[in-house]
Engineer: 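One structure, as structure tokens, below. Some questions next.
To find a chain, count down the sequence lines: A is the first, B the second, and so on, and within it residues start at 1. Just so it is clear, the values below take in all heavy atoms, side chains as well, and ignore hydrogens, waters and symmetry mates.
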Amino acid sequence: MAKMQSDFFRDVYEVVRLIPQGRVSSYGAIARYLGSSRGSRMVGYAMNAAHHQIPYVPAHRVLNRNGMLTGKHHFGDTNAMQKLLEMEGIQVEGDVVVNFESLFWDPTIELKID
DNA sequence: CGATTGACGTACG
DNA sequence: TCGTACGCCAATC
């Protein structure tokens, strides 16, 4: 049983799990933290596979640069992602997180290596 | 094995 | 300010 995912994917999951409850992050921020500032698409793709990862990966806390729930369609139910965010105290208007900048959790800052 | 797609982001016109 | 083009790398067709 060799590792099925690239180290990049694994690292993405790890960072996403570090996102505090009630906080959100973005694909680009994570990709950037991992050194692939242009690999934002890979982060999104990793999230696609995150559904079968253990432990649970709070992919609903990961949004795009716009604070928009771009991946809400991948949660089974369209409202599942929004519901999860609201359950954590995050207000979601339409498909966009309210006060996104204040709730934004940037790994390059929070996990910054001095 | 080659072409296309994708939960994004930045650059350019 | 808005729309289009490109890059990134893995998975799917």
Engineer: Would you mind telling me which of B/dA7, C/dA10, B/dG9 lies closest to the side-chain atoms of A/A59?
Structural biologist: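 Nearest to the side-chain atoms of A/A59, counting from C-beta on, is B/dA7.
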Engineer: Tell me whether the side-chain N or O atoms of A/Y45 pair up with the base of B/dA7 as donor and acceptor below 3.5 Å, since no angle test is needed here.
Structural biologist: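 Checked by distance alone, the answer is no.
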Engineer: In the structure I gave you, are the side-chain heavy atoms of A/L69 and A/L85 within less than 4.5 Å of one another anywhere?
Structural biologist: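 Result yes, sub-4.5 Å side-chain heavy-atom pair found.
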Engineer: If you measure only the distance, is there a donor-acceptor pair under 3.5 Å linking the side chains of A/E88 and A/H60?
Structural biologist: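 Side-chain D/A pair, A/E88 to A/H60: present.
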Engineer: Look at the side chain of A/H60 and the base of B/dA7, then say whether one donor and one acceptor between them are separated by less than 3.5 Å.
Structural biologist: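 Not at all, since no donor on one side and acceptor on the other fall under 3.5 Å apart.
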Engineer: Using 0.5 Å steps for rounding, measure from the OG atom of A/S25 to the CD atom of A/E110.
Structural biologist: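 Reported value, rounded in 0.5 Å steps: 9.5 Å.
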Engineer: I'd like a list of close polar pairs between nucleotides 7-9 of chain C and the protein, N/O only, cut-off under 3.5 Å.
Structural biologist:
unit_1	atom_1	unit_2	atom_2	d
C/dG7	O6	A/R41	NH1	2.8
C/dC8	O4'	A/R38	O	3.4
C/dC8	O2	A/R38	O	3.4

Engineer: Report the distance from atom NE2 of A/H51 to atom C1' of B/dA7, rounded to the nearest whole Å.
Structural biologist: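 Value for this atom pair: 8 Å.
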Engineer: Starting at atom CG of A/N66, determine the distance to atom C1' of B/dA7, rounded to an integer number of angstrom.
Structural biologist: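 Rounding to the nearest Å, CG of A/N66 and C1' of B/dA7 are 14 Å apart.
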Engineer: Atom CG of A/N48 and atom P of C/dT12: how far apart are they, to the nearest Å?
Structural biologist: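 About 9 Å, once rounded to whole Å.
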Engineer: Would you tabulate the side-chain donor-acceptor contacts of residues 93-105 of chain A under 3.5 Å, counting partners in other chains and residues two or more places apart, or write 'none'?
Structural biologist:
unit_1	atom_1	unit_2	atom_2	d
A/D95	OD1	A/K72	NZ	2.7
A/N99	OD1	A/S102	OG	2.9

Engineer: Before giving the answer on side chain to side chain contact (heavy atoms under 4.5 Å, CB included), spell out for A/I30 and A/V62 the whole-Å C-alpha distance, their side-chain angles and the decisive distance to 0.1 Å.
Structural biologist: CA-CA 9 Å; A/I30 296 171; A/V62 185; 4.1 Å; yes
Engineer: Measure the distance from CG on A/L34 to C1' on B/dC8 and round it to the nearest whole Å.
Structural biologist: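 Answer to the nearest Å: 14 Å.
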Engineer: Side chains of A/H51 and A/F75: does their closest heavy-atom pair fall under 4.5 Å?
Structural biologist: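 The answer is yes, as the side chains (C-beta and beyond) meet within the 4.5 Å cut-off.
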Engineer: Quick one: A/R32 CZ to B/dG9 C1', roughly how many Å, whole number?
Structural biologist: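 The distance from CZ of A/R32 to C1' of B/dG9 comes to 10 Å, rounded to the nearest Å.
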Engineer: Could you give the NE2-to-C1' distance, from A/H52 to B/dA7, as a whole number of Å?
Structural biologist: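 From A/H52 NE2 to B/dA7 C1': 13 Å.
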Engineer: With rounding to the closest Å, how many angstrom separate the C1' atoms on B/dA7 and C/dG3?
Structural biologist: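 So the two C1' atoms sit 22 Å from each other.
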Engineer: Provide, to the nearest angstrom, the distance between the NZ atom belonging to A/K72 and the P atom belonging to B/dA7.
Structural biologist: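 Rounding to the nearest Å, NZ of A/K72 and P of B/dA7 are 14 Å apart.
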Engineer: Side-chain contact, heavy-atom cut-off 4.5 Å: A/I90 with A/V24?
Structural biologist: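 A/I90 reaches A/V24 side chain to side chain.
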Engineer: Rounded to the nearest Å, what distance is computed from the CG atom of residue A/N64 to the P atom of nucleotide B/dG6?
Structural biologist: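 So the CG-P distance, A/N64 to B/dG6, works out to 16 Å.
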